[in-house]
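These notes concern the structure reproduced below.
Being a predicted model, the structure only gives us computed values, none of them experimental.
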Amino acid sequence: MDHTQLSLLALLVGVIVGSSVVGLVVTAQRARDRALAQGSSDLPEGVESMLGALDDPAVVCDTSATVLALSPAAEVFGLTAGNVIADEDLRRVARAARDNGAAVSENLRLRRGAAPAEPRLVAVRAAPVTPRIVLLVLRDITERERVEEMRRDFVANTSHELKTPVGAVSLLAEAIESAADDPAQVRYFSGRLQAEIQRLSALTNRILSLSRLQASDELSEVRDVSIDEVVTAAVESNTVQADSAQVTVVRGGTKGLWVRGEPQILTEALGNLIANAIAYSPQGSKVGVGVKLDEDVVEIAVTDRGIGIPESDQHRVFERFYRADQARSRRTGGTGLGLSIVKHAVQRHGGEVRLWSRPERGSTFTIRLPRSEAPDLDLVRPKARRKSRKTGSAARSTPVKGDTA
């Protein structure tokens, strides 16, 4: 073998040895970097930006359950950067995801803030980011579960309530057929049948009204609504019932107040309160409908001197189909939906309903709605310009006190 061949062989051996050494070094560096990454609690690049863009509460924690980063919404559950996650269930879910190396989902009861804040139902999903870091994403599903439970209860309650009048109609129809040869019995059963049909119709209409109110959070036809017109319409719709029960409805309070909303829904809500007050008032008594302004809130109070509501039942009177006095409600044809409709109607208008009641002393239901400025009626009704502008303007813009029977 000559000198040239030996040189080439040596060069080839050197290249092979050098490549092997370089390969070993690169492999060792990669293994070291991998080990450092697996043992590090440093956040990967872009994680904090991702958390900042999330609407749901989310946190990234390490093996000690210390919060390394979080989304802005996470603070409502008491999660803060640099502190250990206080809730044991959250720590358990994070630990399970880290141990399994895969995403884990579970529904938990967590408080939004400190006690006595009500626990919320939260869907928690944990996923490992690195072997030492876990991402926790929380989604409050309390409202969704409440709506689903409400739907189930509504279907069950409605089915139960409809059975009574439907069964009565069926029995009365059979009774009429059996008494075909007795005109007096036919007239009696026909009257009972008509009463049950009216009750069934009222229940169906109430169910449809409540379903419409619960179907959407927004009102469809919002405009300026005169409280005077709402009160007048609600009182007039219950005139026949008041006369039949020998109860006098008395109006009073501040006039010229306006709110934003749908007049038909507000009239129905107030009419339900007046109808309830009449139904539970003794003969010869009075039902008061008063209006006043409390800062920027319009209050419409309906007061009776009836049997009242025990304190133990007051928190339930706005539930669907709930009746504090079952026997009396049946006699008066109540559906148990009126107050539920009132509550949802007022809530859709951004207001609330308050109740004061004492047994044997009566009850007062108060609707509270945000006040709105009176509209320019000259623009709405051009013919009004023919009247005295000075008098008309004063009547529209300045609330006045007064009582009307």
Side-chain angles (χ1 to χ4, degrees), residues 116 118 146 150 153-154 157 161 202 206 209-210 213-214 227 230-231 234-235 237-238 241-242 245 247-254 257 259 261 265-282 285-371:
E118 182 182 358
R146 186 191 68 79
M150 181 178 65
D153 291 345
F154 186 79
N157 291 337
E161 292 293 328
R206 290 290 179 88
S209 297
L210 186 57
L213 288 172
Q214 292 179 326
I227 294 299
V230 169
V231 173
V235 171
S237 66
N238 288 280
Q241 180 187 357
V247 173
T248 304
V249 179
V250 180
R251 293 178 52 186
T254 306
L257 298 178
V259 298
I265 293 178
L266 290 176
T267 301
E268 181 179 3
L270 181 58
N272 285 341
L273 291 183
I274 296 174
N276 273 5
I278 295 172
Y280 287 91
S281 294
S285 63
K286 294 182 179 181
V287 168
V289 182
V291 180
K292 75 173 185 177
L293 182 64
D294 182 12
E295 295 183 352
D296 288 331
V297 176
V298 177
E299 293 188 348
I300 312 171
V302 179
T303 303
D304 65 64
R305 295 293 180 264
I307 61 176
I309 303 171
E311 188 173 354
S312 59
D313 291 328
Q314 291 182 17
H315 69 287
R316 298 194 59 191
V317 295
F318 294 102
E319 296 179 9
R320 296 178 308 279
F321 299 111
Y322 182 80
R323 302 177 179 92
D325 187 340
Q326 295 279 355
R328 187 181 184 94
S329 183
R330 292 292 184 185
R331 290 198 307 270
T332 58
T335 63
L337 290 174
L339 292 180
S340 184
I341 291 174
V342 172
K343 183 188 73 171
H344 285 87
V346 174
Q347 287 178 345
R348 290 294 177 268
H349 287 78
E352 63 175 349
V353 184
R354 294 181 178 179
L355 167 62
W356 177 93
S357 186
R358 294 291 183 274
E360 308 306 327
R361 294 180 58 187
S363 305
T364 298
F365 288 86
T366 303
I367 295 176
R368 291 169 51 85
L369 299 169
R371 180 196 182 189

- Query: To the nearest 0.5 Å, how far apart are CG in Leu355 and CD1 in Ile309?
  - Reply: 5.0 Å

- How many angstroms lie between atom NZ of Lys286 and atom OG of Ser281, to the nearest 0.5 angstrom? 12.5 Å

- Message: Looking at every heavy atom in both Pro370 and His349, which two are closest together, and how far apart are they?
- Response: CD-O, 3.6 Å

- Message: Which residues pass the side chain to side chain donor-acceptor pair (under 3.5 Å) test with Thr364, not counting sequence neighbours?
- Response: Thr303

- Task: For Thr267, check side-chain contact (heavy atoms from CB on, under 4.5 Å) against everything at least two apart and list the hits.
- Result: Val230, Ala233, Ala234

- Item | Contact summary for Ala345 and Ile265, nearest pair of heavy atoms | CB-CG2, 3.5 Å

- Query: Which pairs, with at least one residue in residues 301-312 and sequence neighbours excluded, count as a salt bridge (Lys or Arg N to Asp or Glu O under 4.0 Å)?
  - Reply: none

- Is there side-chain contact between Leu339 and Asn272, with heavy atoms separated by less than 4.5 Å? no

- Please lay out, stage by stage, how Thr366 and Val353 fare under the test side chain to side chain contact (heavy atoms under 4.5 Å, CB included). CA-CA 6 Å; Thr366 303; Val353 184; over 6 Å; no

- Interatomic distance, CG@Leu266 vs CD1@Ile300, rounded to 0.5 Å, equals 7.0 Å

- Message: Could you go through Val250 and Val287, starting from their C-alpha distance and side-chain angles, then the distance that decides it, and tell me whether this counts as side chain to side chain contact (heavy atoms under 4.5 Å, CB included)?
- Response: CA-CA 6 Å; Val250 180; Val287 168; over 6 Å; no

- Who passes side-chain contact (heavy atoms from CB on, under 4.5 Å) against Asn238, sequence neighbours left out? Gln241, Ile274, Ala275, Ile278

- Message: Using only atom types and a distance under 3.5 Å, with no angle test, would you say the side chain of Ser363 pairs donor to acceptor with the backbone of Ser357?
- Response: no

- Query: Hey, mind stepping through Leu257 and Arg371 against side chain to side chain contact (heavy atoms under 4.5 Å, CB included) and telling me if it holds?
  - Reply: CA-CA 7 Å; Leu257 298 178; Arg371 180 196 182 189; 4.2 Å; yes

- What's the spacing between Arg348 CZ and Lys343 NZ if we round to 0.5 Å? 10.0 Å

- Message: Around atom CG of Asp294, are there more than 12 heavy atoms from other residues, nucleotides or ligands closer than 6.0 Å?
- Response: yes

- Message: For the CD1 atom of Ile367 and the CD atom of Glu299, what is their distance to the nearest 0.5 Å?
- Response: 11.0 Å

- One should read off an interatomic distance between Ile227 CD1 and Thr254 OG1, to the nearest 0.5 angstrom, of 11.5 Å

- Task: List for me each residue that meets side chain to side chain donor-acceptor pair (under 3.5 Å) alongside Ser285, sequence neighbours excluded, and say none if there are none.
- Result: none

- What residues form a side chain to side chain donor-acceptor pair (under 3.5 Å) with Glu352, not counting sequence neighbours? Arg354, Arg368

- Query: Given Val231 and Val235, is the side chain to side chain contact (heavy atoms under 4.5 Å, CB included) satisfied, shown in steps?
  - Reply: CA-CA 6 Å; Val231 173; Val235 171; 4.1 Å; yes

